[in-house]
Amino acid sequence: MEKLAQYHQYVQTSITRYAEDDVSDDEVEVQLILDTERDHYQWMNVGWEHLTRIYRSIIHIDIKEEKIWLQQNLTDQNPAEELVEMGVPREDIIFGLQPLQTAVY
């Protein structure tokens, strides 16, 4: 249980820090979704740019079966490496955007 509590904290800290650099305006809202009960964490942009609908998940991370799944990363940052620096073993980080046999960090 200690391991999962640490992973919750690491993921929330990391994704919150990334989202803080994004700026909401009158048209596009920055949303930080931290579903600690179901272990889904997202940084989103939602709104409109002129007549174009904006609905994008910038970073999406899940915790499943005591592993951290990086489902989406549209930044030039490396959240996997940051998590390793926090103390997460590489084998506990899964790239959900790759086929499972190649997804372990």
Calculate, to the nearest 0.5 Å, the distance between atoms [atom1] and [atom2] belonging to [X] and [Y] respectively.
| X | Y | atom1 | atom2 | result |
| --- | --- | --- | --- | --- |
| M86 | S14 | CE | OG | 5.0 Å |
| W48 | E27 | CH2 | CD | 10.0 Å |
| I58 | D21 | CD1 | CG | 12.5 Å |
| I68 | D62 | CD1 | CG | 11.0 Å |
| E65 | I94 | CD | CD1 | 9.5 Å |
| Q12 | Y41 | CD | OH | 5.0 Å |

With a 4.5 Å heavy-atom cut-off, do [X] and [Y] have their side chains touching?
| X | Y | result |
| --- | --- | --- |
| V23 | V28 | no |
| I93 | W69 | no |
| Q72 | M44 | no |
| E81 | R90 | yes |
| L34 | H40 | no |

Side chains of residues 50-57: which donor-acceptor pairs under 3.5 Å do they make with residues two or more places apart or in other chains?
unit_1 : atom_1 : unit_2 : atom_2 : d
R53    : NH1    : G47    : O      : 3.3
S57    : OG     : Q42    : OE1    : 3.2

[X] with [Y], same ILVMFWY side-chain cluster at under 4.5 Å:
| X | Y | value |
| --- | --- | --- |
| V46 | W43 | no |
| I33 | Y18 | no |
| L70 | V11 | yes |

Inset, instruction - Applying side-chain contact (heavy atoms from CB on, under 4.5 Å) between L32 and each of T16, I59, D22, report the one that passes. - result: T16
Inset, instruction - Scan L83, I61, D39, I63 and name whichever one has a side-chain contact (heavy atoms from CB on, under 4.5 Å) with Y7. - result: I63
Inset, instruction - Go through the structure and list residues passing salt bridge (charged side-chain N to carboxylate O under 4.0 Å, His left out) with D76, not counting sequence neighbours. - result: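 Scan of D76 (salt bridge (charged side-chain N to carboxylate O under 4.0 Å, His left out), adjacent residues dropped) gives none.
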Inset, instruction - Would you mind checking if K67 and E91 are paired as a salt bridge, meaning a charged N to carboxylate O distance below 4.0 Å? - result: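 So E91 does not pair with K67 through a salt bridge.
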Legend entry - Flag if over 12 foreign heavy atoms under 6.0 Å of CG, D25: yes
Inset, instruction - Start with the C-alpha distance between E29 and N45, add both sets of side-chain angles, then the distance that settles side chain to side chain contact (heavy atoms under 4.5 Å, CB included), and finish with yes or no. - result: CA-CA 6 Å; E29 178 184 1; N45 289 151; over 6 Å; no
